[in-house]
Amino acid sequence: MPVLDRKWWTLIAVCVATFMLLLDITVVNVALPDIQRSLHSTFSDIQWVVDAYSLTLAAFLLTAGVIGDMFGRREVFAVGLGVFSAASLVCGLSTTSLMLNLARAAQGVGGAIMFATSLALIAAAFSGKERGTAFGIYGAVLGGAVAVGPLIGGAITSGIGWRWIFFVNVPIGVLAIVVTLAKIQESKDPNQRRIDWIGFVSFSSALFMLILALIRGNDDGWGSALIVGLLVGAVLMLTVFLVAEWRQADPMLDLTLFKRPAMAGVSLSALTLSASIFALFLYLTLYIQDDLGYGPFPAGLRFLPLTVLAFIVAPFAGKLTVRIHSRYLLGSGLLLIALGCLAMSRTHAASGWTVLLPGFIIAGIGIGTVNPVLASSAISVVPPERSGMASGANSTFRQVGIATGIAGLGSIFQSQIQTKTLSALASTPQGQTLITHGGAALKSAILGGGVHQAAAGLPAGAYRDALLNAYRVGFSSSLNSIMEIGAVIALIGSIGAFVLVRQRDFVPSFAPPTGSPAPAVTEAVA
């Protein structure tokens, strides 16, 4: 029996770990309604289940790449696996929303470390044509994880409970650590690197304060001292970050990269892709499960037209980059996503899930068009020696887009659903009675996603029907509003791609000779 070469062990370990990590991102969305009921979570709590992960992933990604360069990518990758696996165990054992969200934040740290070193490990292990093959396999694994994630998440949640979407990571993570330490060859950056502590702290602080303000704005009041203070603090910390990055010799994010319009265009595409359709996945999941009443597995099945189409289209879009300029593929793909979001903004109280199907198909094609082009363009619009930072920046913009998109869209959704549900209730005599006697408890149930529990406490008949019908009116109308906003966000990205991603800004492809150190490249799929 032939012995498997170290480089293939590297590919196996990286692909298994990354598949686990990305699967955990997609399966969580489908499990959120079950998590909300199990932990008695508020709407803000379930936003943090996703945002806590995205926030720490975005905050640590660029710094984790530098740490890998300094101390060895194999060792750091193994540490990332360990952190992610341990945090997954705590997620599964969580008894409160706070415990789960803190564990999710720890998962994001582990995920950042893994993302920041995964492609660099592959680049160091392979060269020539084999490197292209390895990256192709890695890309297929990423796409596969996104495509089957909702279905697997639904099956696990329906079959053995939401906690097992986290528990299954533990044995896989331990096995991947053993393979990493036993089979993967160490690689480092021969150049002296240092951690940009000012950039890391200021960027993380700005992002955290912005997201906290967006999530808490409705509850505390947008003019309250807390929210105003958080927004001002976010602006100040962002200013500190930009000044620090501009003045440092070895910054966390080299701002001179954005002197190339194409780099700005690619970054805008990454941000708007995530802030639109990927951020909307949370609210689409809540609509299918909480409003339409489907369980996790049936909900996962209904996402397949979108996720499978994205997976099928991606390889064709990747091949088209040699014939069609990236600006047209990125711009057209984001335009399709905008049209898909608009097509999904036609729900109403009596509609079924099929009202989303045309939008799923259009947006799925758009995602499949944008994702591979975005990945290749991120490292093609900068000099080869800056490709690692450019790709890391691209991944960071993706995570920032998801975190801010979920928080911002959620703030709009939360404010509208209460107003529109109460308005629909007021149109019926039974609803007026519920408003009169329900008061603050009714408003809390609407904002906290506890309407079905509140309805179960009412006698069967007109009052229960009035509450559930009004909630469906409020939910579908509020979903339509944020889908339209998502369409505008994607359209902005499309225009930016058409205008900014100039082909003359692209640099020739670069392949390091065998045995030379590889740049620290990172790429993440939301």
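Residue numbers run from 1 in the order of the sequence given. Heavy atoms only: backbone and side chains are in, while hydrogens, waters and symmetry mates are out.
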S.K.: Identify every side-chain donor-acceptor pair in residues 404-412 under 3.5 Å, counting partners at least two apart or on other chains, and give the distances.
M.R.:
unit_1: T404; atom_1: OG1; unit_2: V400; atom_2: O; d: 2.7
unit_1: S411; atom_1: OG; unit_2: N218; atom_2: ND2; d: 3.4

S.K.: Does some side-chain heavy atom of I288 sit less than 4.5 Å from a side-chain heavy atom of D291?
M.R.: no

S.K.: Please evaluate residues F77 and I113 with respect to the criterion side-chain contact (heavy atoms from CB on, under 4.5 Å), reporting the C-alpha separation (whole Å), side-chain torsions for both, the decisive distance (0.1 Å), and the verdict.
M.R.: CA-CA 6 Å; F77 182 74; I113 295 171; 5.8 Å; no

S.K.: With sequence neighbours excluded, give me every side-chain hydrogen bond (donor to acceptor under 3.5 Å, both in side chains) pair touching residues 139-165.
M.R.: S38-W162

S.K.: Specify the closest pair of heavy atoms between L374 and A270, including all atoms of both residues, with the distance to one decimal.
M.R.: CD2-CA, 3.7 Å

S.K.: How long is the gap from CD1 on I485 to CD1 on I489, to the nearest 0.5 Å?
M.R.: 7.0 Å

S.K.: Taking atom types as modelled and ignoring hydrogens, do the side chains of Q107 and S88 form a donor-acceptor contact shorter than 3.5 angstrom?
M.R.: yes

S.K.: Measuring from L242:CG to L238:CG, what's the distance to the nearest 0.5 Å?
M.R.: 4.5 Å

S.K.: So do the side chains of S44 and Q414 get within less than 4.5 Å of each other, counting heavy atoms only?
M.R.: yes

S.K.: OG/S41 to CG/L98 distance, rounded to the nearest 0.5 angstrom?
M.R.: 10.5 Å

S.K.: Would you confirm whether T56, through its side chain, and A52, through its main-chain N or O, come within 3.5 Å as a donor-acceptor pair?
M.R.: yes

S.K.: What are the two closest non-hydrogen atoms of A103 and A87, and how far apart are they?
M.R.: O-CB, 3.5 Å

S.K.: side-chain contact (heavy atoms from CB on, under 4.5 Å), that's the test. Do C341 and I277 meet it? Break it down for me.
M.R.: CA-CA 7 Å; C341 290; I277 188 64; 4.3 Å; yes

S.K.: State, with a plain yes or no, whether a side-chain heavy atom of I195 is found less than 4.5 Å away from one of M70.
M.R.: yes

S.K.: Describe, in one word, how the ring planes of Y53 and F84 are oriented to each other, choosing from parallel (under 30°), tilted (30 to 60°) and perpendicular (over 60°).
M.R.: perpendicular

S.K.: Which heavy-atom pair separates S478 from Q416 by the least distance, and what is that distance?
M.R.: OG-C, 3.4 Å

S.K.: Spell out, as yes or no, whether a donor-acceptor pair under 3.5 Å connects the side chain of N29 to the backbone of F281.
M.R.: no

S.K.: Using atom types as modelled and distance alone, determine if a side-chain donor or acceptor of E245 lies under 3.5 Å from a backbone N or O of P251.
M.R.: no

S.K.: I'd like to check F166 versus L100 (side-chain heavy atoms, cut-off strictly below 4.5 Å). Are they in contact?
M.R.: yes

S.K.: Please state whether the rings of F60 and F200 are parallel, tilted or perpendicular, taking 30° and 60° as the class boundaries.
M.R.: perpendicular

S.K.: So do the side chains of L181 and E75 get within less than 4.5 Å of each other, counting heavy atoms only?
M.R.: yes

S.K.: Verify the distance criterion only: is there a donor paired with an acceptor across the side chains of D290 and Y471 at less than 3.5 Å?
M.R.: yes

S.K.: With rounding to the nearest 0.5 angstrom, report the CG to CE distance, L61 to M252.
M.R.: 9.0 Å

S.K.: Just to verify, what does L231 make a side chain to side chain contact (heavy atoms under 4.5 Å, CB included) with, not counting sequence neighbours?
M.R.: L210, A213, I227

S.K.: Does any non-hydrogen side-chain atom of Q289 lie less than 4.5 Å from one of L284?
M.R.: no

S.K.: Among residues at least two apart in sequence or on other chains, which ones pass salt bridge (Lys or Arg N to Asp or Glu O under 4.0 Å) with D196?
M.R.: none

S.K.: Applying side-chain contact (heavy atoms from CB on, under 4.5 Å) to L93 and F167, what does each step give before you reach the verdict?
M.R.: CA-CA 9 Å; L93 295 173; F167 285 149; 3.8 Å; yes

S.K.: Is there a donor-acceptor contact under 3.5 Å from the side chain of S205 to the main chain of S202?
M.R.: no

S.K.: What I'd like to find out is whether the side chain of Y287 reaches to under 4.5 Å of the side chain of W353, using heavy atoms alone.
M.R.: no

S.K.: List the residues meeting side-chain hydrogen bond (donor to acceptor under 3.5 Å, both in side chains) with S85, not counting sequence neighbours, and say none if there are none.
M.R.: none

S.K.: Run the side-chain contact (heavy atoms from CB on, under 4.5 Å) check on W9 and T180 step by step: do they pass?
M.R.: CA-CA 8 Å; W9 278 113; T180 297; over 6 Å; no

S.K.: How long is the straight-line distance from CD1 of I211 back to CD of Q47, given to the nearest 0.5 Å?
M.R.: 10.5 Å

S.K.: Any donor and acceptor pair, going by atom type alone, linking the side chain of S274 with main-chain N or O of R398 inside 3.5 Å?
M.R.: yes

S.K.: Donor-acceptor pair, S54 side chain versus A403 backbone, under 3.5 Å?
M.R.: no

S.K.: Under the 3.5 angstrom rule, does the side chain of R74 hit a backbone N or O of I184 as a donor-acceptor pair?
M.R.: yes

S.K.: Any side-chain heavy atom of V50 sitting closer than 4.5 Å to one from L32?
M.R.: yes

S.K.: Looking at T347 and S476, would you say the former's side chain and the latter's main chain have a donor-acceptor pair under 3.5 Å?
M.R.: yes

S.K.: If every non-hydrogen atom of L62 is compared with every non-hydrogen atom of A393, which pair is closest and at what distance?
M.R.: CD2-N, 3.7 Å

S.K.: Where do D51 and I402 come nearest, in terms of heavy atoms and distance?
M.R.: OD1-O, 3.8 Å

S.K.: Specify the closest pair of heavy atoms between A58 and L207, including all atoms of both residues, with the distance to one decimal.
M.R.: CB-CD2, 3.9 Å

S.K.: Is the W48 ring parallel, tilted or perpendicular to the F208 ring (thresholds 30°, 60°)?
M.R.: tilted

S.K.: Working to the nearest 0.5 angstrom, can you tell me the gap between L286 CG and F413 CZ?
M.R.: 6.5 Å

S.K.: Counting N and O atoms only, with roles assigned by atom type, does the side chain of S204 sit under 3.5 Å from a partner on the main chain of V201, one being a donor and the other an acceptor?
M.R.: no

S.K.: Which pairs of donor and acceptor atoms, one on a side chain in residues 293-308, lie under 3.5 Å apart (sequence neighbours left out)?
M.R.:
unit_1: R302; atom_1: NH1; unit_2: P298; atom_2: O; d: 2.9
unit_1: T307; atom_1: OG1; unit_2: A147; atom_2: O; d: 3.0
unit_1: T307; atom_1: OG1; unit_2: F303; atom_2: O; d: 3.3

